[in-house]
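Keep in mind that this is a model prediction, so the values were computed, not measured. What's counted below: heavy atoms across the whole structure, side chains too, no hydrogens, waters or symmetry copies.
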Amino acid sequence: MDVEKIRGEFPILGREVNGRPLVYLDNTATSQTPAEVVDEIVRLYENTKANVHRGVHSLSQEATDLQEHTRRRVQEFVNAAEPEEIIFTRGTTEAINLVAASYGSRFRDGDEIILTVMEHHANIVPWQLLRRHADIKIRVVEINERGELDMDQYRSLFNGRTVMAAFCHVSNVLGTVNPVKEMTAIAHSHGVPVLIDGAQASPHLRIDVRDLDCDFYVFSSHKMYGPTGVGVLYGRRSLLEEMPPYQGGGEMIKHVTFAHTTYADLPFKFEAGTPDFIDIAAFSKALDFIGRVGLDNIEAHERELLDYTTAKLEEIEGLKIYGTAPHKSAVISFNVGNIHNYDLGMLLDRLGVAVRTGHHCAQPLMQRLGVPGTVRASFAVYNTREEADAFIAALRRALALLS
C-alpha cells in the first residue's frame, strides 16, 4: 500500500496549521475526504441537481439512479440481503433515534434495555427519551481495567423483561473492539433484538451484518472518507416491515387523505422528505476509495501505527493510556499526570497536531474512568510513522512547557 500516493488524494493534508505541517489525528471524530469525493459533489451540483424519485424528467431520473446506486453499494459493503434493508439518515445519531422511536414505540412500563458503559451519548439518550411514554429501565454492562466488557455480567443482565440490547462495535474512547457476534448470539438466545453502533468500526473493519446476525447496524459516511450529513441504518426486513414510520411527509407515503394515510414500501417508509441526494450519491465514491485501498490493508496499516505510537507514548513518564485491550482499533486516549487535557490539546494545535480533547460524548465512561476527559489521537489510512513521530515530539515539547 502506497501511503504517500494515498495522501496525495487528500488535498487538506498538504496545508499548514499555525505555520506547521498539519498532522491530523482526529479521525475518530471525522475523517478527511479524498479529491474524488469532493469532485463528485461538485460534478453533481453542476450537472445532476434534481429532486429524486419525484420527477419524470432526465435530471431527476439521473439523480434517482445515483442515489439508488449508492444504496446498492452500501448493501454490498455490509452484506445485507437486499437494498431495501438500507435506510439513509443524516448520520449514526439519527439512525439510532429512528430505531429507538419506531421500534421502541412498542416498549412498555418495566421493560429493560441493555447498554454498555462505553456507549456514545447517541446510544444512550435516545433510549432515555422513551421514558416519556414508558417507565423503561436501562441496565449497564461494566468494563475491566483493560477496557473490555464484562461478558459474564452481560449474560446475567438478560431476563424476561429485556426488550433490546444496544452496544458499540468499537469504543470511540478506548478503541476496544467488542465481541459483537457473540453478544448478538447471547441476546438472540433470549429472544432479544440487537442494535450495533458501527460508527467507529465501519472505516476500519469488515462488516457483515448477516454473519453478525444483528437486527440493526448503524454508521456514518463522514467517518468513512465520505461527505457529512449522510448516515446508514441497516435493518432486518422483518423488523422494518413491522415498525411504524419515524417521520411523516413526502416520499414516505403511498396515498394521503385527511382521514387516512398509507405508507410507502421499504426503504422509503423511513425516508421522509428530500434526502441529501447529492452527498448520498457522492458517498459511493468514498466506498469506491475504501474498496480500492482494501479494508484489510487499512486495518493492517492502522494497527502498525497504533502499536508504534503506543510504544512511544509508554516511554513518557506519567502518561496513562485508557483502553489496553489486545483487540482494539486505531484510537489512543490518554492523560499525563495532572495536566488538563484541554491544555495539552491547545498546545499540540499550536504545533500543528490536531487531536480531540474532552469527554468525547462518553461522559458515563469518563465517570467510570475517574477523569473529566482525555486527549485522544486516532489514525486513518493516510497517517504515517513520520506523523506519529511528529506527534510524539510535539507532545514532549508541550509537556515541557506545561511542567
Side-chain angles (χ1 to χ4, degrees), residues 44 48-107 126 164 193-196 198 202 207-210 212-221 229-284 287:
L44 293 169
T48 319
K49 187 184 179 187
N51 214 332
V52 293
H53 298 129
R54 300 176 187 177
V56 296
H57 61 83
S58 296
L59 290 185
S60 179
Q61 292 297 313
E62 289 173 12
T64 298
D65 290 344
L66 288 166
Q67 174 168 299
E68 295 311 305
H69 169 72
T70 301
R71 198 186 306 275
R72 292 189 295 274
R73 289 287 288 110
V74 173
Q75 174 203 354
E76 295 166 358
F77 184 79
V78 300
N79 194 33
E82 50 189 322
E84 290 77 14
E85 293 181 319
I86 302 302
I87 312 297
F88 289 123
T89 67
R90 292 177 299 165
T92 302
T93 296
E94 184 178 52
I96 297 173
N97 274 272
L98 189 162
V99 176
S102 181
Y103 187 84
S105 64
R106 69 185 67 192
F107 298 165
M164 174 66 73
V194 163
L195 179 143
I196 300 176
S202 55
I207 309 300
D208 186 332
V209 294
R210 283 192 276 181
L212 294 175
D213 197 30
C214 58
D215 303 284
F216 304 102
Y217 196 98
V218 299
F219 55 95
S220 297
S221 160
V230 177
V232 171
L233 163 64
Y234 157 78
R236 194 186 298 274
R237 176 186 268 275
S238 60
L239 295 181
L240 293 175
E241 293 279 12
E242 297 172 0
M243 291 160 54
Y246 171 56
Q247 295 176 325
E251 195 60 40
M252 50 74 66
I253 60 93
K254 278 186 178 178
H255 184 70
V256 175
T257 70
F258 282 110
H260 183 67
T261 294
T262 56
Y263 306 126
D265 295 330
L266 294 175
F268 308 115
K269 181 172 75 168
F270 294 106
E271 294 179 356
T274 299
D276 189 353
F277 54 84
I278 295 289
D279 287 329
I280 290 172
F283 182 31
S284 69
L287 294 173

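- Taking the charged nitrogens against the carboxylate oxygens, Glu241 and Arg237 do have a contact shorter than 4.0 Å, which makes a salt bridge.
- Other residues, nucleotides and ligands contribute at most 12 non-hydrogen atoms within 6.0 Å of the CZ atom of Arg90.
- Counting only heavy atoms from C-beta outward, the side chains of Pro275 and Ile280 approach each other to under 4.5 Å.
- Here the side chains of Tyr103 and Asp215 are not in contact, with every heavy-atom distance at 4.5 Å or above.
- Using a 4.5 Å cut-off on side-chain heavy atoms (C-beta onward), Asp213 and Arg236 make contact.
- Closest heavy-atom contact between Gly249 and Ala272: N-CB, 4.3 Å.
- Inter-residue side-chain proximity for Asn97 and Tyr246 is flagged as met; some heavy-atom pair is nearer than 4.5 Å.
- Looking at Tyr234 and Gln75, their side chains never come closer than 4.5 Å, going by heavy atoms from C-beta outward.
- Between Ile87 atom CD1 and Lys269 atom NZ the span is 8.5 Å, to the nearest 0.5 Å.
- Side chain of Thr64 to main chain of His53: a donor-acceptor pair is present (N/O by atom type, distance under 3.5 Å, no hydrogens or angles).
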Practice problem: Go through Leu98 and Met243 one step at a time and tell me if the side-chain contact (heavy atoms from CB on, under 4.5 Å) criterion holds. | Solution: CA-CA 10 Å; Leu98 189 162; Met243 291 160 54; 4.1 Å; yes

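- Residues Phe219 and Val78 are in side-chain contact: their nearest non-hydrogen atoms beyond the backbone lie under 4.5 Å apart.
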Give the C-alpha distance, both sets of side-chain angles, the deciding distance and a yes or no for side-chain contact (heavy atoms from CB on, under 4.5 Å) between Asp265 and Lys254. CA-CA 8 Å; Asp265 295 330; Lys254 278 186 178 178; 3.2 Å; yes

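- Minimum interatomic distance between Ala281 and Leu66 (heavy atoms only, all atoms of both residues): CB-CB, 3.8 Å.
- Side-chain atoms of Thr48 do not come within 3.5 Å of backbone N or O of Ala63 as any donor-acceptor pair.
- Rounding to the nearest 0.5 Å gives a distance of 7.0 Å between CG of Leu212 and CD1 of Ile207.
- Annotation: the span from Leu195 atom CG to Cys214 atom SG amounts to 8.0 Å, rounded to 0.5 Å.
- Smallest separation of non-hydrogen atoms from Gly235 and Leu240: O-CD1, 3.3 Å.
- Of the possible polar contacts, one joining the Thr92 side chain to the Ser220 backbone as a donor-acceptor pair under 3.5 Å is found.
- Taking each heavy atom of Ala50 and Ser60 in turn, the nearest pair found is CB-N, 3.6 Å.
- One finds the OG1 atom of Thr89 at 10.0 Å from the CD atom of Gln247 (value rounded to the nearest 0.5 Å).
- Side-chain contact between His260 and His255 is absent, with no heavy atoms from C-beta onward closer than 4.5 Å.
- For the pair Arg73 and Phe77, the NZ or CZ position fails the cation-pi test of under 6.0 Å to the six-membered ring centre and within 45 degrees of the ring normal.
- Rounded to the nearest 0.5 angstrom, Ile86 CD1 and Glu76 CD are separated by 10.5 Å.
- Between Glu271 and Arg71, at least one side-chain N (NZ, or NE/NH1/NH2) sits under 4.0 Å from a carboxylate O, which counts as a salt bridge.
- At a threshold of 4.5 Å between non-hydrogen side-chain atoms, the residues Met252 and Phe270 do not count as touching.
- Between Phe283 and Ser221, the shortest heavy-atom contact is CD1-OG, 3.4 Å.
- Arg72 approaches Pro83 most closely through the heavy-atom pair CG-CB, 4.3 Å.
- Interatomic distance, Tyr217 OH to Asn79 CG, rounded to the nearest 0.5 Å: 13.0 Å.
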